[in-house]
Number of protein chains: 2
Amino acid sequence: MTNNRDSCLNCENNNCFIKRYSPISIIDDVNKNKMVSRFPRKQHIFHEGNENPGIFFVKSGVVKVYKNGAFNKDQIIRFSLNGEILGHRGLQKSTIFSVSAQTLTESEVCFFTREYFFYLLEKVPQLTINLMLFYAEELNQEESKLRDMAIFNVREKVAKALLTLVERFGLKTNKEIKYIEKLSRQDIAELVGLTSNQVTKVLADFKSENLIEIEGKKIRLAKKPEMENIIAI
Amino acid sequence: MTNNRDSCLNCENNNCFIKRYSPISIIDDVNKNKMVSRFPRKQHIFHEGNENPGIFFVKSGVVKVYKNGAFNKDQIIRFSLNGEILGHRGLQKSTIFSVSAQTLTESEVCFFTREYFFYLLEKVPQLTINLMLFYAEELNQEESKLRDMAIFNVREKVAKALLTLVERFGLKTNKEIKYIEKLSRQDIAELVGLTSNQVTKVLADFKSENLIEIEGKKIRLAKKPEMENIIAI
DNA sequence: GTTAAAGTGTGATATTAATCATATTTTCGC
DNA sequence: GCGAAAATATGATTAATATCACACTTTAAC
C-alpha cells in the first residue's frame, strides 16, 4: 500500500527526518507504523507531565511548544511547522512529557510509538547520528537564547522576539511577519520572559519610532536592519 | 597494550560514555586512539571560536564550560567532572567550538578526533542512541534553566545558583558546598546572569537570615529546605 | 446583532535592580 | 612575610522594571 495518498513517499515534507535519512526500502514499513491525526486550531497535541507514548512530526500547520512556569508565566520553547520533529525532547529516559504542544492553526501530525521509533533508530544508524547532530544544534541555540535572556533588557527582548519570529516564519512581501496574527501579546511575551503589558508598551515605542507598523494583531517590520541594531553586540 | 596503567579498562571512571556503552572487544581499539592530557588549574582546554578537532572526556578534575557574552558578561553553561563528556556541543555540523572550557582544579582529559569518534558512532549504535538520549536530557535541563532565568528575580537567581552547585558538586558533611572555594563571586554570578556585586549583596542577606554561613569563599548551606522554598513554584 | 469576555493600550506609582564609589579583605608573586 | 593587585563587601544614587488601574477594542458565544 505504498501508493495510497497518505504514503510517506507522496508526502511533500522533505524536511521530515525519517524520510531524509532512511533508505527507501524501509519507508513502506515506516508508513505502516505511522498514525496521522488532524487537530483543529488551539487544540493540545500533548500536555507537560503526561505519559509520553512516542514521537510526533508536524505534517502541516503551526504548533506552539511551551513549558509551564511559576505564577502563570509559561515559557514558549519553539514553534514547529513543515515536517519538523515534535516531542523529540520526550525521547529521553523519562517517559513523561517535559513540554506541552498546542496548535496555532489547523494541523496534521504523524505519530510513531516509542518502541517503533527506537527500533528504527537501531536499524538506521544514519538517522540516529543525524538526530543527535540536530540535538547538538538545538542545544547550542538554547544556550545562545539563555545568554541573550540574561543580558537583554526589556526593549531588547521585544526586538529579539520579533526577529525570532521573522527567522522562524518569514516575512510576507508587504513585510508583515507571517502567522503573527495567530499570536497574542502574551505569546510574544512568553517567548522572551516578559509580561503582555511590557510587550505592548515596547511595541508602541517601536511604532512611534517607525520601526514597525501595527494593525490589530498584524505587525509589519518596516525596518529590519534598525531592529537588528537594537540587539547587536 | 590493554593492560598498561593508562588503559581504559583500568580507568576508574565508569561514568564514561564510551566505556559504558561499547563492547569490551572494541575498548582496545578505543584505547589506541585516545590521547590523555593533564592541565594545571585555571588553564583553558579549548576556546570558543577556535577550530574543534574532536571530543573530550574529563578523566579527573573539575572543568568550567562557558560562553562569551557582551560586555565581559560570560555565561557559565555547566561544570563537568568525573568522566563526563566535554565539548559534545561541538559534535555538530560546524567544526567551531561554541563554548570555552577552563579547568577549576588540576585535571586530566581524554581526547578523540572527530573522525575516530564518528567511526565509533557508526560502529556502536548503542553508543549513538545513548548519546542522543543524553543530549535530549541536556536540552530539557537547558529549557528549564531558560524558563527559570526568565522568571526569577535577583534573590531567586542567587538561591538557584547555590542549589545548582549543591546538585552538581554535593555537600560535605559540614554542609559546605564542595568546590565552591574554587569559584569567585563572578563565577556564581555568571551561572545565573547577574553581576558579582548583586551576588555579594544577596549572599549577605542570606547570611543575615541564617540561611547560609560564609567563611571566605566557602559557603555552608545551613538550611537547604528554606533555600528551596525561595524558588518553589 | 447583542452582549459578555478576553485581550490590548496607556499612564501613574511603587518596587526592584544597576551603577558607582570606596573601604576592606584576600590572594598571589617575590 | 611583605606589598601590590585582585576580589569582595557595603552604602548611596540613579535608572529600569513591575504592578496596578482603567479605558478601549476585539473576539467569541448566543
Side-chain angles (χ1 to χ4, degrees), chain A residues 40-43 64 69-74 76 102 104-105 149-162 180-209 211-219 230-231, chain B residues 40-43 64 69-74 76 104-106 149-162 180-209 211-219 230-231:
Chain A
R41 173 161 183 271
K42 297 244 178 191
Q43 292 282 309
K64 172 173 103 173
F71 328 118
N72 275 343
K73 276 186 171 184
D74 294 339
I76 293 181
Q102 186 185 33
L104 287 182
T105 66
M149 290 310 100
I151 290 176
F152 289 163
N153 63 24
V154 171
R155 178 181 165 90
E156 290 161 346
K157 283 181 183 176
V158 177
K160 179 71 189 180
L162 292 180
I180 199 159
E181 75 275 9
K182 306 290 181 191
L183 301 179
S184 67
R185 295 289 180 263
Q186 186 67 34
D187 285 328
I188 298 174
E190 287 173 2
L191 256 177
V192 285
L194 297 175
T195 64
S196 62
N197 226 325
Q198 292 175 302
V199 170
T200 299
K201 279 175 197 183
V202 176
L203 286 180
D205 290 345
F206 285 165
K207 187 182 172 184
S208 75
E209 295 167 38
L211 292 171
I212 61 172
E213 293 163 17
I214 301 178
E215 191 185 315
K217 290 199 165 188
K218 293 182 179 178
I219 296 177
I230 291 176
I231 57 169
Chain B
R41 174 160 183 270
K42 296 244 179 192
Q43 292 282 306
K64 171 173 105 173
F71 330 114
N72 277 341
K73 275 187 169 182
D74 294 340
I76 293 181
L104 286 182
T105 66
E106 190 187 45
M149 290 311 100
I151 289 174
F152 289 162
N153 63 23
V154 171
R155 179 181 165 89
E156 289 160 347
K157 282 182 184 176
V158 176
K160 178 70 190 180
L162 292 179
I180 198 157
E181 74 277 8
K182 306 290 182 191
L183 302 179
S184 65
R185 295 289 181 263
Q186 187 68 34
D187 284 329
I188 297 174
E190 287 174 3
L191 256 178
V192 286
L194 297 176
T195 65
S196 61
N197 226 326
Q198 292 174 304
V199 170
T200 299
K201 279 175 196 182
V202 176
L203 286 180
D205 290 345
F206 285 166
K207 187 183 172 184
S208 75
E209 295 167 38
L211 292 171
I212 61 173
E213 293 163 19
I214 302 179
E215 190 185 317
K217 289 200 165 188
K218 294 183 178 177
I219 296 176
I230 291 175
I231 57 169

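Convention: sequence-line order gives letters A, B, ...; per-chain numbering from 1.
If you check D/dA28, C/dT27, D/dT19 against the side chain of A/Arg41, the one that comes closest is D/dA28. Nearest nucleotide to the side chain of B/Lys217, out of D/dA7, C/dT8, D/dA9: D/dA7. Set against D/dT17, D/dT10, C/dG9, the side chain of A/Ile214 has C/dG9 as its closest nucleotide. In this structure, the nucleotide among C/dT10, D/dT8, C/dA17 sitting nearest to the side chain of B/Val154 is C/dA17.
Across all strands shown, A/Ser184 has heavy atoms under 4.0 Å from sugar-phosphate atoms exclusively, and none from any base. Base engagement by B/Lys201 is indicated by at least one non-hydrogen atom pair under 4.0 Å involving a base atom. B/Asn153 comes within 4.0 angstrom of sugar-phosphate atoms only, judged by non-hydrogen atoms across all strands, and of no base.
Salt bridge B/Arg155/B/Glu209: present, at least one basic N to carboxylate O contact under 4.0 Å.
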- Message: Test side chain to side chain contact (heavy atoms under 4.5 Å, CB included) on B/Lys182 and B/Arg41; report intermediate values, then the result.
- Response: CA-CA 10 Å; B/Lys182 306 290 182 191; B/Arg41 174 160 183 270; 4.3 Å; yes
- Intermediate values then yes/no, side chain to side chain contact (heavy atoms under 4.5 Å, CB included), B/Leu203 and B/Leu162: CA-CA 10 Å; B/Leu203 286 180; B/Leu162 292 179; 4.0 Å; yes
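Note: CZ (A/Arg185) to P (C/dG7) measures 13 Å, nearest angstrom. Atom CG of B/Asp205 and atom C1' of D/dG11 are 13 Å apart (whole Å). We find that CD1 of B/Ile151 is positioned 16 Å from C1' of D/dT17, with the value rounded to whole Å. We find that CD1 of B/Ile219 is positioned 13 Å from C1' of D/dA9, with the value rounded to whole Å. For the pair A/Arg155 CZ and D/dA16 C1', the computed distance is 14 Å after rounding to whole Å. Atoms CG (A/Leu203) and P (C/dT8) sit 10 Å apart, rounded to a whole Å. Spacing between atom CZ of A/Phe206 and atom C1' of C/dG9 amounts to 16 Å, rounded to whole angstrom units. Atom CD of B/Glu181 is separated from atom P of D/dT8 by 13 Å (rounded to the nearest Å).
Nearest-nucleotide mapping onto DNA chain D: of B/Ala204 and A/Asn197, the residue sitting toward the 5' end is B/Ala204. A residue-by-residue look at A/Leu194 and A/Gly216 shows that A/Leu194 has its nearest nucleotide of DNA chain D further toward the 5' end.
Between the A/Gln43 side chain and the A/Pro40 main chain, no donor and acceptor come within less than 3.5 Å of each other.
Applying the side-chain contact (heavy atoms from CB on, under 4.5 Å) criterion to B/Ala159, with sequence neighbours excluded, gives B/Phe206, B/Met227, B/Ile230, B/Ile231.
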